[in-house]
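The structure appears right after this line, and notes come after that.
Note: hydrogens, waters and symmetry copies are ignored here, and every other heavy atom, side chains too, is used. Chain naming here is simple, since letters A, B, ... match the order of the sequence lines and numbering starts at 1 in each. The structure displayed is predicted, hence computed values, not measured ones.
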Number of protein chains: 2
Amino acid sequence: MSSLTMTHAPKGLEGVVATTSKICYIDGEQGVLAYRGIDIHELADHSTFEETCYLLWNGALPTKSQLKELHERLAAERKLDPAIIDMLRSLPKGAMPMDVLRTAVSALGLYDPEQKKGDHAANVSKSIRLTSQIAMLVAAYDRLRKGKDVVKPDPSLSHSANFLLMLNGVPPSDTAERALDIALILHADHELNASTFAARVTAATLSDMHSAITSAIGTLKGPLHGGANEAVFHILEDIDSRKADPVEYVRELLAQKKKISGFGHRVYHTEDPRATHLRKMSEDLCKSSGQPKWFEMSRKIEQFIKSEKKLNANVDFYSASTYHVLGINVDLFTPIFAVSRISGWSAHVIEQLDDNRLIRPRADYIGPAYPQHWVPIDKR
Amino acid sequence: MSSLTMTHAPKGLEGVVATTSKICYIDGEQGVLAYRGIDIHELADHSTFEETCYLLWNGALPTKSQLKELHERLAAERKLDPAIIDMLRSLPKGAMPMDVLRTAVSALGLYDPEQKKGDHAANVSKSIRLTSQIAMLVAAYDRLRKGKDVVKPDPSLSHSANFLLMLNGVPPSDTAERALDIALILHADHELNASTFAARVTAATLSDMHSAITSAIGTLKGPLHGGANEAVFHILEDIDSRKADPVEYVRELLAQKKKISGFGHRVYHTEDPRATHLRKMSEDLCKSSGQPKWFEMSRKIEQFIKSEKKLNANVDFYSASTYHVLGINVDLFTPIFAVSRISGWSAHVIEQLDDNRLIRPRADYIGPAYPQHWVPIDKR
């Protein structure tokens with residue numbers, strides 16, 4: 001590859017098509033998001049997270065028996081090696097859940113029954129296993145850090161209901177189960193977002209599923225990606241505790257040139273279709289739980305940012321108030337993003353490995369002109 | 001970003017310039033590799049790994065006092081939290097060192113004294129800390145899995161000598177120390193190789209140094225990247241144990257369409273300049289240690305592949321025989337790559353964060369045409 005045939009890409013690879021993919025369709029102008037061609041609105045209205053996992057991994061909706069089999073496999077994988085629970089117990093007090101999740105998923109690779117297999121079938125098994133285990137890790141760590149016992153999973157429950165059971169110690173209401181399930185559907189995949197891209201870069205050296213998912217979790221953690229929903233809630237909480245006016249508060253942040261998380265998206269130039277659902281869900285849940293203030297505050301901020309900065313709310317903005325009224329700790333918002341996105345990450349890793357090529361771009365060297373020379377230390 | 005303005009990149013981003021960088025200069029046609037403009041040949045002949053770290057992190061060779069300070073900081077960081085040693089002890093028997101390293105580096109993020117800081121100075125401190133700690137982790141885990149004690153570090157020794165002391169329990173010979181030091185210099189950086197690119201993708205969400213380095217380790221593990229040096233030695237070992245003719249053995253592998261690790265490179269179309277040094281080092285060390293067979297076998301394979309496939313040996317080919325005669329276990333070859341490359345990975349993370357933009361490319365959707373529809377399960 002001579003430097004003459006190199007292509008200079010925009011910073012951050014913006015607008016660069018890095019691969020073909022059959023998983024996720026996005027039309028950023030029209031605000032369309034579809035998994036395997038099915039619009040996210042139809043899936044949010046009618047599907048379940050388990051069915052969405054099947055769709056992402058297999059390319060089509062499951063039949064009744066296929067869905068039953070997937071449910072049984074997910075339920076059967078609701079177990080963690082006792083050594084992993086011991087590791088969670090041994091971590092320093094105050095450890096951030098995303099750091100814990102990254103470490104624990106990496107450790108799971110050492111215990112995986114198929115750790116030396118990397119074929120398509122083994123990777124589908126690992127996807128199922130990790131989907132169950134990541135939900136369990138998030139719930140188990142939250143219990144342990146609060147001095148509570150890890151809750152025994154219930155194989156009869158859906159993935160979402162079991163997660164909420166293991167998090168809260170009691171089975172969820174139908175409303176809470178469905179709300180979380182819709183949130184997991186909405187977050188399940190989003191094409192070559194940074195964490196998914198990191199997973200594909202890792203997988204493409206023919207490393208393994210656990211390495212790829214560990215990369216994805218570390219990447220999701222950042223506030224320019226999954227970490228944004230936590231940042232949104234910190235603002236809402238601060239406004240609430242100061243009894244501040246939301247618009248004046250945000251105006252002040254803008255005056256200080258601070259970035260307001262939860263707005264704008266590199267891909268969408270209209271409303272993020274996931275925000276449409278999450279806004280509705282936030283409104284319903286905030287009102288029915290007697291905490292309308294979180295929705296009202298959010299709505300005012302949204303309208304102000306829209307008029308002031310011409311930016312739309314993205315997936316992170318209304319997930320903050322939604323998760324809060326579901327009783328979820330703010331530092332679990334990003335881990336719950338991972339509880340969902342493991343489905344898309346693993347689908348992308350499988351797709352990458354089915355037709356692999358090492359992902360290795362180039363850099364444009366702008367440092368000291370070659371050749372510089374080594375000089376003895378006395379002469380520097 | 002309308003789809004009309006998207007750029008379609010070659011598969012694997014081959015030849016796509018994804019960023020500017022002041023760290024590493026490569027001329028793939030001329031076979032030139034230089035760090036901060038200084039040719040790798042000059043560095044291998046005159047520099048040390050510690051000096052090379054300084055160069056990569058700071059952009060210029062250190063003065064005497066700067067080099068002394070860096071040595072003192074590296075030596076002062078030769079410590080691991082007892083909880084990390086306990087974790088290493090608790091891992092399942094037979095755990096692969098790269099999986100252990102990925103997990104332990106992720107865990108180190110939970111213990112880092114600057115875990116909540118992400119500014120330039122904190123990231124330089126983390127780079128120094130991780131450089132010391134990764135070497136210690138590799139040595140400590142190898143001792144523990146062999147039922148031996150972790151060796152106490154010696155702050156008076158160079159980075160390479162201390163690593164060999166902690167690995168073998170005795171201080172190395174001058175020859176072994178210098179050989180490892182040169183190998184670490186040669187592996188320290190290589191522009192946007194897959195693991196470094198993964199580290200930058202992770203860092204660019206404003207995640208943290210430990211997340212980025214964890215991604216890099218998981219990516220390096222793959223046999224299309226760092227894992228190749230282990231694959232090379234497995235071939236040499238198999239030839240030796242079968243008393244096979246190296247050329248016939250490799251000819252048979254080629255006939256079976258098997259990939260021979262250690263040959264060819266996406267970036268170099270002539271000899272990999274690192275291979276030049278490693279060939280010489282392999283020859284010297286194999287002969288002086290009374291094991292010339294590993295070099296002779298390697299040389300025959302190299303000549304055959306060159307004439308048969310027009311492929312040159314790359315950095316991985318002669319590092320296999322070199323590390324073996326240094327008494328290093330084959331499954332530590334890739335971890336030792338990490339012991340070196342942490343210097344380049346962290347330099348790239350620092351550079352990325354000094355002028356950051358989220359790395360988020362697009363995919364070209366080729367799945368079922370939008371819109372497909374959700375249909376009730378009874379009708380599928």
Side-chain angles (χ1 to χ4, degrees), chain A residues 1 6-9 11-13 15-22 25 34 37-38 42 46 63-64 92 95 99 102-103 106-107 109-110 191-192 194 198 201-202 205-207 211 214-215 218-219 221-225 266 357-368 370 372 374 377 380, chain B residues 1 6-9 11-13 15-22 25 34 36-38 42 46 63-64 92 95 99 102-103 106-107 109-110 191-192 194 198 201-202 205-207 211 214-215 218-219 221-225 357-368 370 372 374 377 380:
Chain A
M1 174 72 42
M6 288 209 227
T7 313
H8 287 253
K11 200 167 179 183
L13 294 178
V16 174
V17 174
T19 185
T20 56
S21 176
K22 295 180 181 170
Y25 172 78
I38 305 179
E42 290 189 24
H46 303 297
T63 62
K64 220 176 248 182
D99 292 336
R102 183 191 64 226
T103 306
S106 178
L110 299 165
E191 201 220 43
L192 285 197
V201 171
T202 296
T205 67
L206 300 181
S207 188
S211 292
T214 302
S215 296
T219 308
K221 180 188 167 188
L224 295 188
H225 190 10
R266 185 181 290 185
R357 182 147 171 76
L358 181 74
I359 300 173
R360 203 280 185 219
R362 294 299 307 269
D364 182 18
Y365 180 71
I366 55 165
Y370 175 84
Q372 301 293 308
W374 185 90
I377 199 158
R380 291 179 199 159
Chain B
M1 174 71 42
M6 288 208 226
T7 313
H8 287 253
K11 201 167 177 182
L13 294 178
V16 173
V17 174
T19 186
T20 55
S21 176
K22 295 181 180 169
Y25 172 76
R36 304 285 188 178
I38 305 180
E42 291 189 24
H46 304 296
T63 62
K64 220 176 247 183
D99 292 336
R102 184 190 64 224
T103 306
S106 178
L110 298 165
E191 202 219 41
L192 285 196
V201 171
T202 296
T205 68
L206 301 182
S207 189
S211 291
T214 302
S215 295
T219 307
K221 181 189 166 187
L224 296 188
H225 190 11
R357 181 147 171 76
L358 180 74
I359 301 174
R360 201 283 185 216
R362 295 297 309 269
D364 181 18
Y365 180 70
I366 56 165
Y370 175 83
Q372 302 292 308
W374 186 90
I377 198 158
R380 289 177 199 158

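Contacts of B:Ala34 classified as side chain to side chain contact (heavy atoms under 4.5 Å, CB included), with partners at least two apart in sequence or in another chain: A:Tyr370, B:Tyr25. For A:Ser211, the side chain to side chain donor-acceptor pair (under 3.5 Å) test picks out A:Ser207, A:Asp208, B:Arg102, with sequence neighbours left out.
Between the side chain of B:Arg360 and the backbone N or O of A:Arg266 there is no donor-acceptor pair closer than 3.5 Å.
Counting heavy atoms from C-beta on, the side chains of A:Leu192 and B:Arg362 never come closer than 4.5 Å. Side-chain contact between A:Thr214 and B:Thr103: absent, with no pair of heavy atoms (C-beta onward) separated by less than 4.5 Å.
For the atom pair A:Thr202 OG1 and B:His225 NE2, the distance stands at 9.5 Å (nearest 0.5 Å). How far OG1 of B:Thr20 is from NZ of A:Lys11: 7.0 Å, rounded to the nearest 0.5 Å.
B:Trp374 and A:Glu42 get closest at one heavy-atom pair: N-OE1, 2.8 Å. Taking every heavy atom of both residues into account, B:Arg36 and A:Tyr365 meet most closely at C-OH, 3.4 Å.
The residue among A:Ile366, A:Thr205, A:Leu13, A:Leu110 with the most heavy atom pairs within less than 4.5 Å of chain B is A:Thr205. Note on A:Ala18, A:Ala198, A:Ser106: by heavy-atom pairs under 4.5 Å with chain B, the leading option is A:Ser106. Between chain B and the options A:Gly367, A:Ala363, A:Ser215, the largest number of non-hydrogen pairs under 4.5 Å is found for A:Ala363. For the set A:Pro92, A:Ala9, A:Gly109, the count of heavy-atom pairs under 4.5 angstrom toward chain B peaks at A:Pro92. For the set B:Asp99, B:Leu358, B:Val201, B:Thr63, the entry with the most heavy-atom pairs within less than 4.5 Å of chain A is B:Leu358.
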